[in-house]
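Heads up: the structure comes next, in structure tokens.
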There are 2 protein chains.
Amino acid sequence: MSDTRTRILDLANQLTQSRGFNGFSYLDLAAEIGIKNSSIHYHFKAKSDLALAMVEQHRKTTADSFAQLDHQFARPQDRLTAVIQHFQADLRDGKICLCGMMAAEFQSISVDVRRELALYFRGFQDWLSKQFSELGHQNPPRAALQFLSALEGSLLLARLQGDVTIVSQALDGFVNG
Amino acid sequence: MSDTRTRILDLANQLTQSRGFNGFSYLDLAAEIGIKNSSIHYHFKAKSDLALAMVEQHRKTTADSFAQLDHQFARPQDRLTAVIQHFQADLRDGKICLCGMMAAEFQSISVDVRRELALYFRGFQDWLSKQFSELGHQNPPRAALQFLSALEGSLLLARLQGDVTIVSQALDGFVNG
DNA sequence: TCTTGTATCTACATACATGTAGGTAGATAT
DNA sequence: ATATCTACCTACATGTATGTAGATACAAGA
């Protein structure tokens, strides 16, 4: 895999997180990377192929991150806190969850990408569920869904209001009391 | 105010809720209404004017709806349930919260529209806060923020997974237990 | 050396989005 | 009757998005 391909994916990731997948073009990518837009087509024939590659890659790196958190922190609360801080860090650059962004663009994406997105959220929810299970919650999958929903929604509100603490406010019931 | 202007606003509302504000064009509006795209410009000089008019109108109709719920239902729980059912009804047509959708498109909208969106969410949160206050919550504004975040996030997840019950699952802690 | 693959390029095709300029037809007001 | 307003129109300008066709430079393998 060429370095250029990686650079395209990374840049597309950033732009999707800030502007949405429909918020940038191959011309934007090409200009920033310093090649021609037809060269982007060489790596990703259609933009929908780029979308699929992005979500597939993001699913994998996210799974890795979860595995890493599992052995980095002994307490589930600390893992959840780390997750929250991760999203807050992106938020400071105006970036929100890649897959949340694409979920908002649901109508314009292919069924392949939709399926991949659904798998991402399922993986996220399953991992959260394990954390709440360890914490002794009576209904871990439910708690996981509530955490995930609150996270995605609060990211939208926090960015709009320019206040990253909105995310922690929306989620503090899960990691504390 | 002409009937055409109203039809434009209504259609733009529906399309924003399903495809996002950047997911339709003046040509789409014109084709559906049966006029030319330049006639849309007559009513809304620029697309950003349309955005502003939409959010302003939505703020007003939402405020009216809240006032109506207040005297239609005696118990705050019933009002919250009605709100949830309202969003679930839209969801069955593939439509999610107008302002949630536009919040996701944050980067591409003008500061005027951003301010109007922020006012919408503030109004929503304030009303929710009153409900939780009546219910004896210890921190009503916090509960309101959590409800609102979970609502917006669960709409994205529910639409992606094609399961409206995800919304009630994400919010049942607020209206029950 | 010849062939194949990789990564890029130039040039073009097609479509759409956003708007502007200027005209028209009918209603209303003076 | 004349002037103005409302709501629409045709025609066009400009820019952008997505993508294709075909050429080029260069490296590696048979």
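When reading the values below, keep in mind they use all heavy atoms of this one structure, side chains included, and skip hydrogens, waters and symmetry mates.
- Taking atom CZ of F44(B) as the reference point, atom P of dA7(D) lies 12 Å away to the nearest angstrom.
- Considering H86(A), Q17(A), M102(A), E152(A) as possible partners of C97(A), the one that fulfils the side chain to side chain contact (heavy atoms under 4.5 Å, CB included) test is E152(A).
- F87(B) pairs by the ring pair (Phe, Tyr, Trp, His ring centres under 6.0 Å) definition with nothing, not counting sequence neighbours.
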Anything under 3.5 Å between a protein N or O and an N or O of nucleotides 19-24 of chain D, put it in a table, one pair a line.
{"unit_1": "dG19(D)", "atom_1": "OP2", "unit_2": "K47(A)", "atom_2": "N", "d": "2.9"}
{"unit_1": "dG19(D)", "atom_1": "N7", "unit_2": "H41(A)", "atom_2": "NE2", "d": "3.4"}
{"unit_1": "dT20(D)", "atom_1": "OP2", "unit_2": "K45(A)", "atom_2": "NZ", "d": "3.2"}

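- For the pair Y42(B) and dA7(D), the criterion of a side-chain N or O lying under 4.0 Å from OP1 or OP2 is met.
- Close to dT6(D), at under 4.0 Å from its OP1 or OP2, lies no side-chain N or O of H43(B).
- Aromatic ring orientation, F174(A) versus F132(A): tilted (interplanar angle from 30° to 60°).
- For the pair D3(B) CG and dA7(D) C1', the interatomic distance rounds to 12 Å; values are reported in whole Å.
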Contacts table for residues 115-124 of chain A: side-chain donor-acceptor under 3.5 angstrom, sequence neighbours left out:
{"unit_1": "E116(A)", "atom_1": "OE2", "unit_2": "R59(A)", "atom_2": "NE", "d": "2.7"}
{"unit_1": "E116(A)", "atom_1": "OE2", "unit_2": "R59(A)", "atom_2": "NH2", "d": "3.0"}

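- Between the P atom of dT6(C) and the CD1 atom of I35(A) lies a distance of 17 Å, rounded to the nearest Å.
- Straight-line distance from the CG atom of L50(B) to the P atom of dT18(C): 10 Å, rounded to whole Å.
- Within the cation-pi definition used here (under 6.0 Å to the ring centroid, within 45° of the axis), K36(B) does not qualify as a partner of Y42(B).
- Minimum atom distance to the side chain of L27(A) is reached by dT16(D), of the listed dT18(C), dT16(D), dC9(D).
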R19(B)/D28(B) under salt bridge (charged side-chain N to carboxylate O under 4.0 Å, His left out): CA gap, chis, key distance, verdict: CA-CA 12 Å; R19(B) 302 188 207 164; D28(B) 294 325; 3.8 Å; yes
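- A residue-by-residue look at K36(B) and F24(A) shows that K36(B) has its nearest nucleotide of DNA chain D further toward the 5' end.
- Side chain of S39(B), nearest nucleotide from dC8(D), dA17(D), dT8(C): dC8(D).
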